Engineer: 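One structure coming up, written as structure tokens, with questions to follow.
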Amino acid sequence: MSNHLFDAIRQSAPALNATFIERDDRRILTYGDLVAGSGRLANALAKLAVQPGDRVAAQVEKSAEAILLYLACLRAGAVFLPLNTAYTITELAYFIADAEPRLVVCDPARRDAIAAIAAGAAIETVDARGQGSLMALAEAQPESFDDAPRGPDDLAAILYTSGTTGRSKGAMLSHANLASNAHTLMRWWRFTADDVLLHALPIFHTHGLFVATNIVLLAGASMLFLPKFDPDAVFRLLPRATSMMGVPTFYVRLLQDERLTREAAAHMRVFISGSAPLLAETHRDWSARTGHALLERYGMTETNMNTSNPYEGDRVPGTVGFPLPDVALRIADPATGAILGPESIGVIEVKGPNVFKGYWRNPEKTKEEFRPDGFFITGDLGKIDRRGYVHIVGRGKDLIITGGYNVYPKEVESEIDALDGVVESAVIGVPHRDFGEGVTAVVVLKPGSALDGKAILAALETRLARFKLPKSVIVAPDLPRNAMGKVQKNLLRDTHRDLYA
Ligand code: AMP
């Protein structure tokens, strides 16, 4: 048996002196360094008694070495478990107790605190510069390593869901889940060895780790690796990139910068957006400013990527495009599971080689989220239009039921966002004595805007049915977002929970 994902990476690797990662300080990691470095690290994992199937948790800053650690885990047959760098020790205690890693890799500053909550695990360090006790151990190891045999269904990673709608669950992703999706996306988006990807995403999430990094690896391409999103660095490196992947907030921030011009983006091949809703307005503004239609795609931790707008053909603002070639996608009635036709809103369900193996040590939850015929219930609400484009109208848990009527927040948000003087909005359901839930809008205004709650309501009155109109409009300086730019509606619901009490 082979080692499924790493074999695919080996097979597509270009010449050993070709660049894989160029760091922010211009130091280069070649494909040769990738094989040697991941071999040394895999030997270090073996020294630390990491066996195939063991979990290796990593809460480390973004570095090329952190990517090598991911690759070393693949080669050793271990299950890579990246953790958001923002998690506190209390949060980490939950993940560590749940996943029972054999090894935890962390920043040197956290070593003692993590040792206190991870009894039984080995603890090693890697810092933001890619140095630490794990790297010192790896330096002393040979490059050559016999990759652990791994089949398509063996686990490559566990990624905890971001938990914006409840407690985080560990999504088990197999070698074939990751390899198949990266191959599909590479072809759909036409990545080749000539591509240079501007990488400004975090690497503890599916977007920066699997979508970006695995595609680059399978195409034999290279990436310009930024420690974090920073417009100055983006504009400095853009002339040398061919492609960029980002969350919508990246594109919104770049649009606020006068350096974003047609010339600055002229040589780029593609700008890809995902992980949170992209406003149709941002899509249009981006086209007008750069001449490039943003390419929006949709996916989630559990499923990898499900849909994408086309590379050639209409990239329709406000849609996430077509189901990817090997993904079956349907819309079902959330209550009965009946399959709905075009233009009907329901829950999005998907099936394909991209869909995860279930939640770690949680067979009940896994069973609840799959239909008997194997479709995964994403929890996202959406529709397929007559041209076959998928639209997302929000998370199922964000659906508002007021006086017995369903209100889709996105519909109300789109009307508010279209008003002159509004930056963005979030519409939530808040417990209400009479209606069950009261539609509530939290709105961010442009500086100097003359709008207020009353004026916004007045503008909506002629555009939305009465039951959809917000019971309150709250003006706020900004919306709470997580690291991937997703609006944290759970926090907004908490803040305003007594509004109608
Ligand atoms: P995560 O598991 O953290 O990647 O979050 C996945 C969720 O992000 C999905 O279930 C969607 O609710 C949302 N999401 C991802 N991509 C998009 C997109 N292009 N448009 C709207 N929502 C998206």
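Read the numbers this way: they start at 1 and go in the same order the structure lists the ligands and their atoms. Just so you know, these numbers come straight off a predicted model, no measurement behind them. Just so you know, residue 1 is the first one in the sequence shown, and it goes up from there.
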Engineer: Which of the atoms of ligand 1 are close to P277, meaning less than 4.0 Å from one of its heavy atoms?
Structural biologist: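 Taking each heavy atom of P277 in turn, ligand 1 has 20 (N), 21 (C), 22 (N) under 4.0 Å.
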Engineer: Indicate the ring-plane relationship of Y160 and Y94, choosing parallel, tilted or perpendicular according to the 30° and 60° boundaries.
Structural biologist: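 Correct class here is perpendicular.
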Engineer: What are the two closest heavy atoms between F376 and E369, and how far apart are they?
Structural biologist: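 For F376 versus E369, the nearest heavy atoms are CD1-O, 3.3 Å.
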Engineer: Who gets closest to atom 18 (C) of ligand 1 by heavy atom: R395, H205, H207, E296?
Structural biologist: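 Minimum heavy-atom distance to atom 18 (C) of ligand 1 goes to E296.
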Engineer: Out of M300, K397, R297, M305, who is nearest to atom 19 (N) of ligand 1 when you count heavy atoms only?
Structural biologist: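 Looking at heavy atoms only, the winner is R297.
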Engineer: Could you walk me through whether L499 and H432 pass the side-chain contact (heavy atoms from CB on, under 4.5 Å) check?
Structural biologist: CA-CA 8 Å; L499 200 59; H432 192 290; over 6 Å; no
Engineer: Between S275 and ligand 1, find which residue part has any heavy-atom pair under 4.0 Å and reply side chain, backbone, both or neither.
Structural biologist: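 The backbone, only.
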Engineer: Salt bridge between K169 and E368, side-chain N to carboxylate O under 4.0 Å?
Structural biologist: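 Salt bridge flag = no for E368 with K169.
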Engineer: Quickly, which of F20, F250, F225 forms a ring-ring contact (aromatic ring centres under 6.0 Å, His included) with H199? Name it, please.
Structural biologist: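 Passing option: F225.
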Engineer: Has W286 got a side-chain atom pairing as donor or acceptor with V252's backbone, closer than 3.5 angstrom?
Structural biologist: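 Answer holds: no.
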Engineer: Would you say D380 touches ligand 1, if touching means a heavy atom closer than 4.0 Å?
Structural biologist: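 Yes; D380 lies near enough to ligand 1 that a heavy-atom distance drops under 4.0 Å.
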Engineer: Considering non-hydrogen atoms of the protein only, which is the closest contact for atom 15 (C) of ligand 1, and what is the distance?
Structural biologist: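 Residue, atom and distance for the closest contact: G299 O, 3.3 Å.
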Engineer: Can any side-chain N or O of H292 pair as donor or acceptor with the backbone N or O of A265 at less than 3.5 Å?
Structural biologist: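 Confirmed, H292 side chain pairs with A265 backbone.
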Engineer: For V320, counting its heavy atoms only, list the atoms of ligand 1 lying under 4.0 Å from any of them.
Structural biologist: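 In order of number, 18 (C), 19 (N), 20 (N).
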Engineer: May I ask you to identify, for A276, whether its side chain, its backbone, both or neither come under 4.0 Å of ligand 1 on a heavy-atom basis?
Structural biologist: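 Contact part for A276 vs ligand 1: backbone (N, CA, C, O).
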Engineer: Specify side chain, backbone, both or neither for T301, according to which of its non-hydrogen atoms lie closer than 4.0 Å to ligand 1.
Structural biologist: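 The part of T301 near ligand 1 is both the backbone and the side chain.
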Engineer: Report yes if K486 has an N/O atom closer than 3.5 Å to an N/O atom of ligand 1; otherwise report no.
Structural biologist: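 Looking only at distances, the answer is yes, because the N/O contact criterion of under 3.5 Å is met.
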